[in-house]
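Working notes, structure below.
Here, residue 1 is the first one in the sequence, and each next residue gets the next number. What you are looking at is a predicted structure, and each value in this text was computed from that prediction instead of being measured.
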Amino acid sequence: MSWQAYVDTSLVGTGNLDRAAIFNTHGTSVWASTHGFAVSPAEIKEVIDSYSDTSDVKKIQSGGFRVAGEKYMTIKADEKSVYGKKVHYRSNSQITAAKSELIILQGKEGIVIVKTQQAILVAHYPETVQPGQATNTVEQLGDYLIGVGY
């Protein structure tokens, strides 16, 4: 199966994800991607760096991360997986003129990133999908790829 077929069939084709990309483990090459899902080199580098971060609290956990220009708060970050929920910012001045604090609202959208021996799977799920369904889809493909040496 081609890398694009994994994106189109095994990830987005399940209906549990709406955008996805597959990179090499160094983040220097995009093997396949959903049209318009542009993860910048700096964004993928931040994720890759988190895999080697051995701090008690990883930088990606305390500050979140970005994918395709969107900010995500980290829910999970270990040696294999990074999960994030989309963050929406709203100024308090939109609610009341008395305060100008920033309010952070977590959305229902999220990102699931799984590292295999040779690939990094990055997948976005919309607010209509349960996070468990999305994570299972990406983790299962990751486990399959690890099982076949990728």
Report summary line: Scanning both residues in full, the closest heavy-atom pair of A32 with V7 reads CB-CG2, 3.7 Å
Query - Closest non-hydrogen atom pair, G142 against T116 - result: O-CG2, 3.6 Å
Query raised in the report: Does any pair with a residue in residues 126-137 pass side-chain hydrogen bond (donor to acceptor under 3.5 Å, both in side chains), and if so which ones, sequence neighbours excluded?
Result: N16-T137
Would you say that [X] contacts [Y] through its side chain, given a criterion of any heavy-atom pair below 4.5 Å between the two side chains?
| X | Y | answer |
| --- | --- | --- |
| L141 | D143 | no |
| L121 | F23 | no |
| Y150 | W3 | yes |
| K45 | D49 | yes |
| K108 | P131 | no |

Report task. Please round to the nearest 0.5 Å and tell me the distance separating atom CG of L11 and atom NE2 of H124. Result -> 13.5 Å
Report task. State the CD1-CD distance between I111 and E43, to the nearest 0.5 angstrom. Result -> 9.5 Å
Query - ring pair (Phe, Tyr, Trp, His ring centres under 6.0 Å) involving Y72 - partner list, sequence neighbours excluded - result: F65
**Report entry** Which residues share a ring pair (Phe, Tyr, Trp, His ring centres under 6.0 Å) with Y144, sequence neighbours left out
**Finding:** none
**Report entry** Residue pairs passing the salt bridge (Lys or Arg N to Asp or Glu O under 4.0 Å) test where at least one lies in residues 65-76, sequence neighbours excluded
**Finding:** E70-K86, K76-D78
Requested in this report: Please check if atom CZ in F37 has more than 12 non-hydrogen atoms from other residues, nucleotides or ligands closer than 6.0 Å.
Outcome: yes
Report task. Please list, chain by chain and in numerical order, all residues satisfying side chain to side chain donor-acceptor pair (under 3.5 Å) with T28, sequence neighbours excluded. Result -> N24
**Report entry** salt bridge (charged side-chain N to carboxylate O under 4.0 Å, His left out) involving D8 - partner list, sequence neighbours excluded
**Finding:** none
**Report entry** Check against side chain to side chain contact (heavy atoms under 4.5 Å, CB included), I22 and V30
**Finding:** CA-CA 6 Å; I22 301 175; V30 181; over 6 Å; no
Query raised in the report: Between E46 and K59, is there a side-chain N and carboxylate O pair less than 4.0 Å apart?
Result: no
Query - side-chain contact (heavy atoms from CB on, under 4.5 Å) partner of V114, chosen from I146, V138, L145 - result: V138
Report task. Could you tell me whether the side chains of E139 and S81 share a donor-acceptor contact shorter than 3.5 Å? Result -> yes
Query - Y125/V112 under side chain to side chain contact (heavy atoms under 4.5 Å, CB included): CA gap, chis, key distance, verdict - result: CA-CA 8 Å; Y125 60 90; V112 180; 4.0 Å; yes
Requested in this report: Could you walk me through whether E79 and K115 pass the salt bridge (Lys or Arg N to Asp or Glu O under 4.0 Å) test, one step at a time?
Outcome: CA-CA 8 Å; E79 66 281 346; K115 181 178 185 264; over 6 Å; no
